[in-house]
Amino acid sequence: MSFLKEIRPLGERRNYSELLDLSSGDPHRGGIKPITFVRQVLAACFCPALLEDDSLPLDVKQRAKSLLRECDGGSVGSYTESSGIAKIKHCVSQFITRRDGGVPSSPDNIFIMSGSKTALMIILKLLIRSEDSCRTGVLIPVPTYASITMILEEEGAAIIPYHLCEEQGWTLQLEELHRVLQAARKTCNPVAFYICNPGNPTGHLQSRESIEEVIRFAAEERLFLLADEVYQSCVYGDNAEFYSYKKVLSEMGSNISSTVELASFNSASKGFMGECGFRGGYVELVNLDPAVMKYARTLFSTRSCPPVAGQIALDLMADPPKPGDPSFPTFSEEVQSIKNTIRKNTGRIQEVFAELPGISCQPLKAGFFVFPSLHFPPKAIKWAEKRQMEPDMLYCLHLLEETGLHVKPGCEYGQRKDSHHIRLFVGTQENIMEDALQRLKTFHTRFMKEFS
Amino acid sequence: MNANVKKVDYAVRGPIVQRAVQIEKELKEGVKKPFEEVIKANIGDAHAMGQRPITFFRQVMALCTYPELLDDNKFPEDTKNRARRILQSCGGNSIGAYTTSQGIDCVRHDVANYIQRRDGGIPSDPDNIYLTTGASDGIVTILKLLTAGEGRTRTGVMISIPQYPLYSASIAELGAVQVSYYLNEEKCWSLDISELQRALQAAREHCNPRVLCIINPGNPTGQVQSRQCIEDVIRFAAKENLFLMADEVYQDNVYAEGCKFHSFKKVLFEMGPEYSSKVELASFHSTSKCYMGECGFRGGYMEVINMDADVKAQLTKLVSVRLCPPAPGQALMDLVVNSPQPGEPSYQTFMKERTAVLSALAEKAKLTEEILNTVPGISCNPVQGAMYSFPRITLPERAINEAKAKGQAPDMFYCMKLLEETGICLVPGSGFGQREGTYHFRMTILPPTDKLKIMLNKLKEFHQKFTQQYS
């Protein structure tokens with residue numbers, strides 16, 4: 001099977017019976033089971049007749065009842081407040097406070113939306129003055145996932161890319177931030193700094209010092225911090241710890257902690273729940289000018305309310321079963337099992353990559369994806385040039401064709417010139433990951449041999 | 001900060017509702033008021049007013065969410081079949097997986113079949129169906145898609161006065177130009193083509209009108225456009241090269257005798273290929289209204305007709321940015337368009353519940369019109385459809401002046417006083433648009449019949465007192 005042939009036409013026999021889709025961050029699609037407690041509460045909220053059933057545990061019924069009490073007419077079919085049900089925002093604020101070791105969080109600064117991206121779009125609307133002759137600039141990391149670029153383009157912002165340093169594990173480099181900001185000031189008006197931590201696609205987990213550096217940078221340069229923290233509960237590396245921007249900010253001297261404007265985003269789509277389809281996300285706004293807050297509230301209020309099912313998912317994420325609750329044993333088993341699966345998957349990924357030539361990976365610590373670097377031989381680069389395609393794109397197309405494994409090419413995320421990557425999702429059942437790795441191994445070995 | 005944000009205004013959830021919520025808090029805290037509860041007749045939320053969900057829908061949703069229930073014999077077989085079908089179409093057989101941006105395949109197929117059945121066999125292509133997060137999401141997306149140009153070439157969007165303020169708010173936020181056309185209050189809020197023409201002519205001086213929005217059945221006015229009117233609008237859109245946006249979320253809410261819902265698509269295709277192959281149309285539906293009232297699920301769809309292929313590609317790209325509409329809303333939409341059929345176990349109960357809801361609404365529509373028209377100074381057009389009455393109120397000169405001195409729209413002043421004295425929360429007509437010098441309010445017909453009667457009579461009392469007080 002030579003790669004120098006064209007891609008086979010549709011309908012021809014293939015070597016595999018089904019596609020393996022590791023291209024998107026969707027745990028359920030990857031075979032991970034939903035959390036039982038979450039689904040039981042949601043089912044009881046949808047169909048309260050189930051509350052009469054003996055089959056559901058007591059804590060499920062209690063939670064469903066208490067959530068239904070917060071819905072007008074006792075129905076999840078009613079509209080709610082535009083920024084979310086008050087009790088759920090309260091629950092989220094308590095989650096944030098516990099997470100941050102006591103740093104206060106107010107429900108008034110929390111806005112629940114249909115997915116964290118919707119919240120991000122609204123904050124950007126607030127910040128981006130598309131009618132100005134000098135465009136509003138937003139710094140974004142390279143690599144970063146494609147939707148953020150699309151959203152910024154849609155809102156008419158100028159994109160100011162800053163490169164993460166792959167050799168050092170995809171860290172942020174302060175000199176790079178200064179360099180791009182200086183250059184950008186010549187052509188636009190930079191107002192915001194976006195970071196995804198843990199990172200997508202890189203899986204990088206920022207150290208506390210790095211977060212402090214970014215905050216200080218934002219303070220000096222008067223930038224609004226957009227901290228996308230949707231992967232905060234996916235930390236699996238040894239000795240790896242997630243630090244929230246809010247917590248670090250709160251511990252940095254009063255002239256920074258009370259002035260740097262911050263929006264931090266979280267979601268029910270990631271983490272152990274993986275409820276992507278429910279569209280539950282929120283943003284917490286910190287240190288915003290009260291006049292701007294007023295407009296933020298207006299903007300949020302023009303949106304119809306976020307889906308009630310998504311709001312409920314957030315409540316359950318923020319306040320899961322505790323020791324002593326009837327559902328706790330099953331819940332904690334299920335969560336542990338998901339964590340173990342991801343740990344095992346990342347372990348296997350590193351093992352398999354270690355055996356393969358031309359593929360290497362930074363240490364895996366957090367997030368939902370791995371972003372290994374592909375070191376293509378010159379012949380492969382030429383082959384791609386001939387086809388006027390990025391080498392990693394062509395690699396992925398053939399990988400899909402030949403083995404049925406779907407992963408994303410690095411060119412969709414941005415990367416340094418002459419570097420190439422693929423992005424793999426790690427939140428799948430172990431046997432699916434094993435299957436994927438075998439397919440990748442077979443393909444990659446052949447590919448490297450053929451172009452050597 | 002973005003200057004356009006400052007112009008955004010949304011009356012349905014504006015200051016009067018904020019005050020209503022505050023009063024509710026005060027009542028809970030035991031503050032004494034001339035009333036015991038706040039009646040929120042401001043928003044089209046049926047369940048909030050006590051309407052029960054349709055059993056079949058909720059059973060299937062529970063099954064989709066917690067499939068272990070498929071083994072529970074308390075659920076009828078048809079609910080289980082629907083749930084299995086939906087789950088098979090979901091990644092990992094889970095309603096928690098992302099769906100494609102355009103929406104779950106089998107749901108779009110079912111929507112297309114529904115449209116085809118509804119429109120007497122006129123074909124509908126699932127590829128032209130986009131599932132959306134409520135109809136609002138679809139409406140804003142299309143407006144975004146069509147808004148372009150600068151200064152004199154900036155896109156103009158024609159919308160009725162009065163209108164549902166989602167349109168005016170979105171137009172303001174997008175920086176498009178609102179081109180208002182007045183509905184005819186004297187003729188039961190009907191649409192005159194001559195008025196459309198006038199508005200279009202005037203607008204061409206300062207913008208590029210490209211879009212014509214029409215809400216049928218109407219919000220807030222409740223009028224159900226005649227078939228003739230719909231044909232005339234289509235002809236007008238064809239002649240003036242306008243993209244038609246048909247907001248049809250109240251399509252099952254038709255009460256008045258002699259009135260019937262005619263879908264824009266059906267009429268368009270029955271007008272022959274001269275129109276059906278050219279006129280660009282997007283029509284919108286939702287799970288929030290009709291007999292379902294499932295606002296919180298955020299289910300909806302739009303069907304786009306005759307959209308240029310390149311523009312459609314842009315639309316597909318636009319919707320992909322927000323990943324996907326809520327899967328539970330998509331599943332619910334599937335059930336709405338694929339409801340129990342005769343012979344299926346859930347059919348009888350389903351029909352009973354559906355009929356009960358729609359006939360109660362018809363009764364309340366009539367009741368509202370009747371009672372309001374007995375009040376001197378209030379004049380209410382027949383509530384032909386949708387969920388609201390939009391009566392005209394005569395305000396004494398002194399009240400108008402006091403309002404203006406306060407910097408308040410006179411009908412806002414009236415509604416605030418109504419709220420403080422009776423606990424009834426309505427939305428002033430100024431939030432929807434109205435002819436200069438006229439005043440209205442929008443009131444839902446959703447409260448249970450008994451409460452509605454009490455509310456209407458309290459309103460009558462208040463209006464008479466108010467008129468006397470300020471005469």
Side-chain angles (χ1 to χ4, degrees), chain A residues 21 24 26-32 34 39-40 42-44 46-50 53 55 71-73 75-80 82 114-115 117-118 121 125-131 147 150-151 154 269 273-279 292 295 298-299 301-310, chain B residues 1-6 8-10 13-14 40 43 45-53 55 58-59 61-63 65-66 69 72 74 90-92 94-99 133-134 136 144 166 169-170 173 175 292-298 317-318 320-329:
Chain A
D21 191 352
S24 77
D26 189 341
H28 296 186
R29 186 176 288 272
I32 303 270
R39 293 309 188 86
Q40 287 176 329
L42 279 164
F46 287 159
C47 190
L50 287 169
D53 235 50
S55 60
C71 299
D72 284 344
S75 164
V76 296
S78 296
Y79 286 120
T80 72
S82 303
S114 179
K117 277 199 194 58
T118 310
M121 290 201 271
K125 256 193 221 300
L126 213 51
L127 298 174
I128 294 168
R129 300 168 65 102
S130 52
E131 287 176 354
S147 329
M150 283 205 275
I151 291 170
E154 211 185 288
S269 302
M273 282 176 37
E275 298 286 8
C276 311
F278 280 90
R279 319 309 298 117
V292 178
Y295 288 114
T298 305
L299 257 188
S301 80
T302 61
R303 267 66 182 164
S304 221
C305 68
V308 179
Chain B
M1 199 189 80
N2 183 348
N4 284 342
V5 176
K6 295 190 181 171
V8 171
D9 199 15
Y10 190 59
R13 293 200 189 85
K40 302 250 260 304
I43 190 165
D45 186 344
H47 291 196
M49 290 286 109
Q51 181 176 307
R52 321 287 299 129
T55 304
R58 294 306 190 84
Q59 286 175 325
M61 291 312 303
L63 288 166
T65 303
Y66 186 49
L69 293 170
D72 186 330
K74 273 187 241 72
C90 296
S94 164
I95 207 165
Y98 284 122
T99 74
T133 305
S136 303
K144 207 182 266 202
L166 169 72
S170 305
E173 203 180 297
M292 304 80 77
E294 298 283 12
C295 313
F297 276 87
R298 317 306 302 119
K317 195 173 121 191
L318 247 189
S320 74
V321 174
R322 53 110 172 92
L323 297 182
C324 72

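Every heavy atom of this structure was used, including side-chain atoms; hydrogens, water molecules and symmetry mates were not. In what follows, chains carry the letters A, B, and so on, assigned in the order in which the sequence lines appear, proteins first and then strands, with residues in each chain numbered from 1.
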CD on A:Glu275 to OG1 on B:Thr65, rounded to 0.5 Å: 9.0 Å
OG-CG distance between A:Ser55 and B:Leu69, expressed to the nearest 0.5 angstrom: 6.5 Å
Cut-off 4.5 Å, heavy atoms of chain B, and the answer for A:Pro27 is neither
Spacing of A:Arg39 atom CZ and B:Ile95 atom CD1 [to the nearest 0.5 Å]: 7.0 Å
Distance-only, no hydrogens or angles: does the B:Arg322 side chain make a donor-acceptor pair with backbone N or O of A:Lys117 under 3.5 Å? no
Residue among B:Gly92, B:Cys295, B:Ala327, B:Ala62 with most heavy-atom pairs under 4.5 Å to chain A: B:Cys295
Checking heavy atoms, do the side chain of A:Met121, its backbone, both or neither come under 4.5 Å from chain B? side chain
Heavy-atom proximity to chain B below 4.5 Å, by part of A:Asp53: side chain
Is the backbone of B:Tyr98 close enough, under 3.5 Å, to the side chain of A:Arg29 for a donor and an acceptor to pair up by distance? yes
Which portion of B:Pro53 sits near chain A, non-hydrogen atoms under 4.5 angstrom: side chain
Given a strict heavy-atom distance threshold of 4.5 Å, which part of A:Pro34 is in contact with chain B: side chain, backbone, both, or neither? side chain
Ranking B:Glu294, B:Lys74, B:Arg58 by heavy-atom pairs under 4.5 Å to chain A gives rank one to B:Arg58
Do B:Cys90 and A:His28 make a side-chain contact, defined as non-hydrogen atoms from C-beta onward lying under 4.5 Å apart? no
Side chain, backbone, both or neither: which part of A:Ile32 has a heavy atom under 4.5 Å from chain B? neither
Taking every non-hydrogen atom, the tightest pair across A:Gly77 and B:His47: CA-ND1, 3.7 Å
Say whether, by atom type as modelled, one donor and one acceptor occur between the side chain of A:Arg279 and the main chain of B:Cys324 under 3.5 angstrom. yes
As an exercise: rank A:Asp26, A:Val292, A:Leu50 by heavy-atom pairs under 4.5 Å with chain B and give me the winner. A:Asp26
How many angstroms lie between atom CD1 of B:Ile43 and atom CG of A:Asp72, to the nearest 0.5 angstrom? 9.0 Å
Minimum heavy-atom separation for B:Thr133 and A:Ser114, please, with both atom names. CG2-OG, 4.2 Å
Ranked by heavy-atom pairs below 4.5 Å to chain A, first place among B:Leu63, B:Asp72, B:Leu323, B:Thr99 goes to B:Leu323
For the interface with chain A, which of B:Met292, B:Lys144, B:Lys317, B:Lys40 has the highest count of heavy-atom pairs at distances below 4.5 Å? B:Lys144
In chain order, what residues pass the ring-ring contact (aromatic ring centres under 6.0 Å, His included) check against A:Phe278, with sequence neighbours excluded? none
